[in-house]
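Counting begins at 1 with the first residue of the sequence.
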Amino acid sequence: MNSGHRSDDSGQPDADPADQWVLDPETGEFRLRPDAARRASAGRAGVPRTGAARAGAAAEVPRARPAGRAGASAAAGGRSARRRGRVVRGRRLLTWAAGALGLVLAAGCGGALYVYRHLNRNISSVNVQVGDESERPKAGNAALNLLVIGTDSRVGLGRDYGDEGSTGHADTTLLFHISKDRSNATVLSIPRDLMVTVPDCRSGAKRIPGSARAMFNTSLGQDGRDPGCTWKTVEKLTGVRIDHFMMVNFEAVKSLSTAVGGVEVCAATAIDDPYSHLRMTAGRHVVQGEEALAFVRTRHAVGLGGDLTRIPLQQQFISSMIRKMKSSDTLTSPAKLWNLADAATKALTVDSAIDDVNRLKDLALDVSRVNTRNITFTTVPVLDDPTDSNRLVLKPGDAQQLFAMIAADRSLTETAPPASPTPSVSASEPPPIDAEAVRVTVRNGTGTPGQAGRAVSLLRAKGFTLAVTGSNTEARTTGSVSYPAGQEDRAQAVAAALGLPATALRAGGRSAGVTVVLGADFVGAGTPSASPTGAPKDLQRVRADDTNVCASKFK
C-alpha cells in the first residue's frame with residue numbers, strides 16, 4: 001500500500017533538502033544536520049544506485065560532510081579531495097543564495113534562483129521579437145534595464161478571482177533601471193490605464209496589428225500579444241532600451257510572500273474592499289498568501305480608488321519584500337531560501353536570453369550590488385484623459401523629462417553618487433555640420449494634422465534647406481530621429497533643431513538621409529530635455545528603505 005510518503009534509497013522518507021542544512025556559526029558554512037548525515041551515509045553504503053540516480057543526487061542534494069569538530073579533526077581521509085569538494089559546495093551555496101536575493105531584488109516580487117539545478121526546469125521563457133535596430137532606442141552605456149510584468153491571467157485559477165480563464169493583460173508593469181555603476185536603481189511604474197501607442201508586433205509566426213490609441217495593459221494578452229509586444233510598447237513610450245524581461249502571475253505574490261514568512265505592510269486607515277476581499281484594520285500587518293495578493297490588488301477602498309492609488313501600495317509591498325529578503329532572518333535560513341527559490345522560479349517567465357540558472361545567476365549577482373537605500377520607486381507622470389475620465393495620458397514635459405533622466409542614467413536617489421553624464425544635444429551648440437547638405441524627411445505621428453509641415457518650416461529656418469514632409473504614420477507618444485551609418489552627427493543636429501531629446505536617436509535608418517517621425521512630445525524648437533539633471537516637480541516617490549509608508553496616504 002502506498003503510504004503517501006516518498007522514500008530515498010536508504011528507505012527513509014524524503015525530506016526538504018533545505019531543512020537538512022544548518023549554518024555553522026564557527027565556520028560560516030552550511031553543513032548537514034548530524035542525523036541527516038548519518039541517513040545519507042547509510043543510504044550510500046547499503047543501496048546501489050543507478051547512474052541516473054547518482055547524477056540526480058549530485059545536481060540536487062550536496063553530499064553530507066562530517067558534522068562538528070570530530071569530523072574536522074578526522075585522519076588523513078578527512079583532508080581528502082572529497083572533503084575539499086564538500087567545502088567548495090558549502091561556499092558555493094552561499095554564493096548562489098546571494099544570486100537568488102539579487103534576482104528577486106531586480107524583479108521585485110518576480111524571480112529567484114538557488115543552487116539546486118533542477119530549478120532550471122521551473123523556468124519558462126519566450127523568444128521575444130522586438131523589431132529592427134532602427135526601430136529601437138539607442139543602446140545604453142552599460143546600465144541595465146529590466147522590464148517586470150505582472151500579469152492578471154486567471155488561467156487555471158478557477159472562479160476565485162473573476163474573469164475565469166482570462167489570458168490576462170499587463171496589469172502591473174515596472175521598468176527597473178539599474179545604473180551603470182550599480183550604485184542606484186530607479187523603478188518606474190507604468191499605469192495600466194495609460195493611453196499609449198501599441199506598435200505592430202509578432203508573437204511567434206503571427207503578426208499582430210498595433211493600435212494608435214489603446215490602454216497600456218492591452219500590450220499583453222490582447223489579440224495574442226506576448227511580452228515582446230509589451231517590451232516594444234515600453235521602448236516606444238519611454239525611449240529607454242530594454243535588456244530583458246521577467247513576467248509573473250498571481251501565484252508569485254502568494255507563494256513568495258509565504259516563502260519569506262510574510263511581508264510587513266501598513267494601512268493608515270482601515271480597509272474594506274469587497275472587490276479584492278481585503279479587510280484590514282489600521283496599523284501594521286504581516287501579510288502572506290491570499291491576504292498579500294489582496295493587498296497588492298486593492299484599489300477601490302483606498303485613496304481615490306483607481307490604479308494610481310494601487311501603484312504606491314504595490315511599491316510599498318515590493319520595498320518591504322526586498323527588505324525582508326535582505327534580512328539575516330532570510331539569508332541564514334536555508335529552508336526559506338529554498339522555498340523562495342522554488343516558488344519564484346515556478347512563477348517566472350523570462351526572455352530566452354536569460355532562460356537558465358547560470359545566466360540568471362550572473363544577472364542576479366550584478367543587480368544585488370545595489371543598496372536598498374538607493375532604490376527609488378516612482379510612477380510615470382500622468383493626467384486624466386480629457387476624453388475619458390477613467391483613462392490617463394502622459395503629463396506633457398514631466399513625463400519626457402523623467403524618461404530622459406532614466407535613459408541618460410540619472411539617479412532619483414539623492415544619496416547615490418551621480419553616474420557619468422551622457423553627452424547631450426544642445427540647441428545652442430549643435431554638432432558642426434553643413435545643414436544645407438543634410439537630407440531630412442519629416443513624418444507626422446502626433447495625431448495632429450499639419451505638424452510635419454510646421455517641423456519642416458522650423459528646420460528650413462535653421463538652415464536645413466533640403467527638409468521635406470513625408471507620409472503620415474500611426475500616432476505615437478514619443479518621436480524618433482533615424483539615421484544611416486555615418487550620419488549620427490547630422491541626426492543630432494536635426495534633433496537639436498526640433499527640440500527632441502537625444503533618446504529619440506535611432507541608428508540604422510533605411511533612407512539615404514535623416515528621417516524624423518514626430519510624436520506627441522513634439523512641441524517645437526528650443527532646448528531639448530535631453531539628460532536633465534533634476535526630476536520633475538512633485539514627482540511621486542517611494543524609497544525602498546522607507547518603513548514609514550502606509551496605504552491610504554496617497555490621495
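Checked by atom type and distance alone, the side chain of D384 never pairs as donor or acceptor with a backbone atom of L392 at under 3.5 Å. At least one donor-acceptor pair closer than 3.5 Å links the side chain of Q129 to the backbone N or O of G204. When atom types are taken as modelled, the side chain of R323 and the backbone of A544 share a donor-acceptor pair closer than 3.5 angstrom. The main-chain N or O of Q540 is found under 3.5 Å from a side-chain atom of T378 such that the two form a donor-acceptor pair. Remark: side-chain polar atoms of E235 are not paired, donor with acceptor, to backbone N or O of K232 under 3.5 angstrom. A donor-acceptor pair under 3.5 Å is absent between the side-chain atoms of T218 and the main chain of A214, judged by distance alone. With hydrogens and angles ignored, the 3.5 Å screen pairs a side-chain donor or acceptor of R202 with a backbone N or O of A205. Of the possible polar contacts, one joining the R506 side chain to the R136 backbone as a donor-acceptor pair under 3.5 Å is found.
Annotation for S219 and C229: closest pair O-CB, 3.3 Å, computed over non-hydrogen atoms. The two residues T473 and G445 make their nearest non-hydrogen contact at CG2-CA, 3.6 Å. Of all heavy-atom pairs spanning V286 and E291, the tightest one is O-OE1, 4.3 Å. The two atoms that bring L348 and M246 nearest to each other are CD1-CB, 3.9 Å, heavy atoms only. In plain terms, the two heavy atoms of P227 and V128 that are nearest each other are C-CG1, 4.4 Å.
Looking at heavy atoms from C-beta onward, M280 lies in side-chain contact with V287 at the 4.5 angstrom threshold. The closest side-chain heavy-atom distance from T349 to V126 is below 4.5 Å. For the pair V198 and Q222, the minimum side-chain heavy-atom distance is 4.5 Å or more. For the pair D351/S125, no side-chain contact is recorded, criterion being any heavy-atom separation below 4.5 Å from C-beta on. When side chains are defined from C-beta on, I375 does not count as touching N184, because their heavy atoms never get closer than 4.5 Å. Counting heavy atoms from C-beta outward, I149 and T172 have side chains that stay 4.5 Å or more apart. Under the 4.5 Å side-chain criterion, counting only non-hydrogen atoms from C-beta, V234 is in contact with I190. The shortest distance between side-chain heavy atoms of S319 and V542 falls below 4.5 Å.
Using modelled atom types and a 3.5 Å distance limit, the side chains of R213 and T387 yield a donor-acceptor pair. T413 and T376 share a side-chain donor-acceptor pair at under 3.5 Å. Side-chain atoms of Q314 and S189 include no donor-acceptor pair closer than 3.5 Å. No side-chain N or O of H285 forms a donor-acceptor pair with one of E264 less than 3.5 Å apart. For E474 and T197, the side-chain atoms include no donor-acceptor pair closer than 3.5 Å.
Ring-plane geometry between F245 and W231 is classed as perpendicular, the angle between the planes exceeding 60 degrees on a 0 to 90 degree scale with a lower cut at 30.
Of the charged side-chain nitrogens involved, at least one lies within less than 4.0 Å of a carboxylate oxygen, so that K254 and E290 count as a salt-bridged pair. With respect to the salt-bridge test (charged N to carboxylate O, under 4.0 angstrom), the residues D409 and K180 do not qualify. With salt bridges taken as basic N to acidic carboxylate O contacts below 4.0 Å, one links D398 and K395.
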Could you walk me through whether D200 and R207 satisfy the salt bridge (Lys or Arg N to Asp or Glu O under 4.0 Å) test, starting with their C-alpha distance in whole Å, then the side-chain angles of each, then the deciding distance to 0.1 Å, before giving a yes or no? CA-CA 7 Å; D200 293 350; R207 178 187 175 278; 2.7 Å; yes
